[in-house]
Every structure is written in C-alpha cells, then in structure tokens.
Amino acid sequence: MARDRFTPDFDPDCGDAPLTSARQDIVIGRWQGLRDLLWVTGDDWTLRGHRIRLLAQACAGSSTVESWLAAEPASGDAQVLRAATETARAFHLAITAGRGAPIDRDRIDTAVLACLHAAEACPEDPTPWVSLISVARLYPTGVRRRELARWWDELHQRDPLSPEGHLQVLHYYSARWHGTHGLMYDFARDAAGVAPPGCALPVLVQYARVEEYRYVLDGARGQRGSMRLGQHWDHDGAVNDVRRTWERWVRARPDSDVAPVELRDLSYLAHAACLAGTADVAAAVLRLLGRRATRTPWSYTGDPVHQLTKWRKELGLRG
C-alpha cells in the first residue's frame with residue numbers, strides 16, 4: 001500500500017476552530033462573534049493572547065473593531081482588541097515602508113495610547129501590556145529603559161509566565177531592534193532558567209537563534225548565499241540548547257494533543273532540532289505535530305513545504 005503524500009497543514013488559526021469562526025465574522029464586518037469568543041476565553045491569558053494576536057491581524061484591514069467599540073464603548077474586550085489592532089496596523093505600515101524606514105510617529109503614539117486605555121479598562125489583563133511592549137519597538141530609538149522596565153513589571157505581575165510577553169521583550173532586546181545578541185540570549189536563558197518543568201519558556205532560546213539569523217540575513221540583503229554563519233544552527237551550544245528545551249519543556253508537558261497555543265513554539269523547536277542534527281528530538285517533535293505546522297520559522301531558511309517534507313523523509317516519518 002502506497003504511503004500517503006505528506007502535505008503540511010498551515011492553518012493560520014493553528015487549529016483553533018472557534019477562532020476561525022470569529023475571523024470569518026470579520027470578513028463580513030460582524031463584531032458579535034469577536035465579543036462572544038473573548039467572553040468564553042475568559043482569563044486564560046495564554047489562550048486570550050493567542051486569540052487577540054490573530055484577531056488583531058485580521059481586524060487590521062477592516063473597521064470591525066471600531067464598529068464593536070461604537071456599539072459597546074464600555075467593553076473592555078473591545079478596547080483590548082483595538083489596542084492590539086492598532087499595534088498590528090503600525091507594524092503593517094512599518095513593513096510597507098521597508099526595513100529601517102521611519103513611519104509616522106503619530107501612528108505609533110495612537111497605538112500606545114490605545115494600549116494604555118485598554119490597560120485601564122481591563123486592569124487584570126496582561127494583553128494590553130504585551131501590545132505596548134510590542135509597539136514600542138517601532139520608535140526609532142525605542143523607549144527609555146526605565147519605561148520598558150515599568151511596562152514589563154506590569155505584565156509580569158499579571159502573568160509571570162506569559163509566552164507572548166516574553167517573546168515581545170526578546171524581540172525588543174534583539175540586535176534587529178534595540179539591543180544586542182548578547183542581551184537577547186541572556187534574557188532568553190534567564191527566563192528559561194526560572195521556568196517550571198513543562199512550561200514553554202525554554203523555547204525562547206530557539207526564537208533567539210532565529211532572530212540572530214534574521215539579523216545576519218538583513219545584513220546580507222536577503223542573499224542567503226552571501227551569509228557567513230558557519231555552524232550557526234549546529235554548534236555544540238545550539239545542540240545543547242535544543243536538548244535542554246526538549247527535556248525541560250516537551251518531556252515534562254502533559255501527554256496530550258498539541259494545543260493551538262503550542263503550535264508555533266513547537267514549530268520553532270522542530271526547526272531548531274532538524275538544523276541542529278538532533279534527529280531523535282526532531283523526529284519526536286515532528287511526530288507530535290503530525291501534519292500541523294506554522295510557516296515561520298521554516299520560511300526564513302527556505303520553502304516551508306520543501307523543508308518539512310525533506311526532514312520527515314530523512315527522519316523516516318510516514319506521511
């Protein structure tokens with residue numbers, strides 16, 4: 001019997017069916033589905049952050065969140081989503097302008113004010129502080145260190161293990177933005193070191209390695225052939241990092257199906273494990289993922305479909 005051909009599933013909602021339904025409402029300008037989704041999400045901050053982030057990307061090109069606010073101006077959920085949407089819009093402008101090109105400071109200020117208003121409307125919610133730290137990257141020189149530390153303290157008090165919050169600080173501290181490779185790796189390893197067993201924070205080190213790669217790729221103007229990274233992915237430190245993340249996070253997590261909020265993190269670990277040559281970890285993580293995957297970080301090192309298909313074949317995984 002022939003093997004089934006492997007085709008990765010790049011569901012943009014990571015298998016979160018209620019989120020998919022709500023995002024379809026955005027297309028027709030219906031905001032009630034967003035309200036209902038965030039209501040049932042409650043204070044599961046990790047799931048809420050995942051949903052807010054993806055909803056904001058979908059809302060950025062529409063007026064759906066503004067329609068919701070006009071209908072329910074006192075809704076804290078609507079204000080939190082608007083803050084994330086303004087953040088997404090600011091990043092879209094930055095991408096359109098091109099790397100290093102400044103964007104209108106007023107647009108960044110608008111997003112920052114939306115985040116602060118949302119934080120007042122939902123004082124227990126860490127999500128507005130995640131958006132705030134994220135959009136702070138767009139200021140040409142960042143923000144004052146004391147201000148960033150205050151925002152981080154606000155976030156950390158509400159959700160000390162916030163995966164998205166930690167990731168946004170890591171991006172801020174990267175050499176691509178307002179820090180250095182050393183500062184970024186120190187932050188990632190410090191967070192990983194205090195994370196309890198089964199927590200995903202150790203994978204921040206894999207995110208940091210991708211950030212370093214992207215910094216070099218930016219310098220090479222996207223020409224991978226001209227990059228000189230040597231053993232960037234497979235030196236002893238990179239290999240040990242992969243194994244530490246596997247041991248401290250994946251082996252200690254509950255033996256359960258991959259949740260939508262885990263998909264991106266597991267994709268980063270799978271990518272790192274493949275390129276590090278840790279075949280046992282790579283096979284185990286790819287087996288755990290099955291056909292599900294996120295396009296990043298695979299898209300930074302080539303065609304995602306080709307790479308996933310190649311690695312699964314080399315590791316002897318069935319379609």
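Not measured: the values here are computed from a predicted model.
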- Query: Is it the case that more than 12 heavy atoms not belonging to E124 sit under 6.0 Å from its CD atom?
  - Reply: no
- Query: Under the salt bridge (Lys or Arg N to Asp or Glu O under 4.0 Å) rule, what pairs show up with a residue in residues 160-173, not counting sequence neighbours?
  - Reply: R53-E164, E164-R264
- Report yes if the side chains of D25 and Q32 come closer than 4.5 Å at any heavy-atom pair, otherwise no. no
- How about Q168 and S134: does a side-chain donor come under 3.5 Å of a side-chain acceptor? yes
- Message: Could you check whether H156 and W151 have their ring centres less than 6.0 Å apart?
- Response: no
- Message: Within the structure provided, determine whether W45 and D125 are in side-chain contact (heavy-atom separation under 4.5 Å).
- Response: yes
- Indicate yes or no: at least one non-hydrogen side-chain atom of W249 is less than 4.5 angstrom from one of L201. no
- Query: Can a cation-pi geometry be assigned to R137 and Y172, taking NZ or CZ under 6.0 Å from the six-membered ring centre and within 45° of the ring axis?
  - Reply: no
- Message: Tell me if the centroids of the rings in H306 and W298 come within less than 6.0 Å of each other.
- Response: no
- Using the six-membered ring wherever Trp is involved, compare the ring planes of Y213 and H232 and label them parallel, tilted or perpendicular (cut-offs 30° and 60°). tilted
- Task: Working to the nearest 0.5 Å, report the span between OH of Y268 and CG of L263.
- Result: 12.0 Å
- Taking only residues two or more places apart in sequence, or in another chain, which ones meet L47 in a side-chain contact (heavy atoms from CB on, under 4.5 Å)? D16, T41, D44, H50, R51, V261
- Closest non-hydrogen atom pair, F10 against P304: CZ-CB, 3.7 Å
- Item | Test item: L81 and W68 side chains (from C-beta on) under 4.5 Å apart, heavy atoms | yes
- Note on the structure: salt bridge (Lys or Arg N to Asp or Glu O under 4.0 Å) pairs touching residues 182-196, sequence neighbours excluded, are R189-D241
- For A273, the side-chain contact (heavy atoms from CB on, under 4.5 Å) test, sequence neighbours excluded, returns V242, T278, V281, A282
- Message: Suppose the criterion is salt bridge (Lys or Arg N to Asp or Glu O under 4.0 Å): which pairs have a residue in residues 64-78, not counting sequence neighbours?
- Response: R35-E72, R48-D77, E66-R89
- Ignoring hydrogens and angles, state whether a donor on the side chain of T64 or S62 is under 3.5 Å from an acceptor on the partner side chain. yes
- Message: Regarding E154 and R158, does a basic nitrogen lie under 4.0 Å from an acidic carboxylate oxygen?
- Response: yes
- Note on the structure: CD (E262) and CG (D257) are apart, to the nearest 0.5 Å, by 9.5 Å
- Message: So does C115 get a backbone contact from the side chain of S131, meaning a donor-acceptor N/O pair under 3.5 Å?
- Response: no
- Can you list every pair that meets salt bridge (Lys or Arg N to Asp or Glu O under 4.0 Å) and has a residue in residues 55-65, with sequence neighbours left out? none
- Could you give me the CA-CA distance, side-chain angles and deciding distance for H178 and T141, then say whether side-chain hydrogen bond (donor to acceptor under 3.5 Å, both in side chains) is met? CA-CA 7 Å; H178 302 295; T141 57; over 6 Å; no
- side chain to side chain contact (heavy atoms under 4.5 Å, CB included) between V250 and L288, intermediate numbers included: CA-CA 10 Å; V250 184; L288 185 63; 4.2 Å; yes
- Message: In the structure I gave you, are the side-chain heavy atoms of L69 and W31 within less than 4.5 Å of one another anywhere?
- Response: no
- Task: Find out whether S21 and L37 are in side-chain contact, i.e. whether some heavy atom of one side chain is under 4.5 Å from a heavy atom of the other.
- Result: no
- Do V130 and Y173 share a hydrophobic cluster (ILVMFWY, side-chain heavy atoms under 4.5 Å, transitive)? yes
- Item | Salt bridge present between D11 and R291 (N-O < 4.0 angstrom) | no
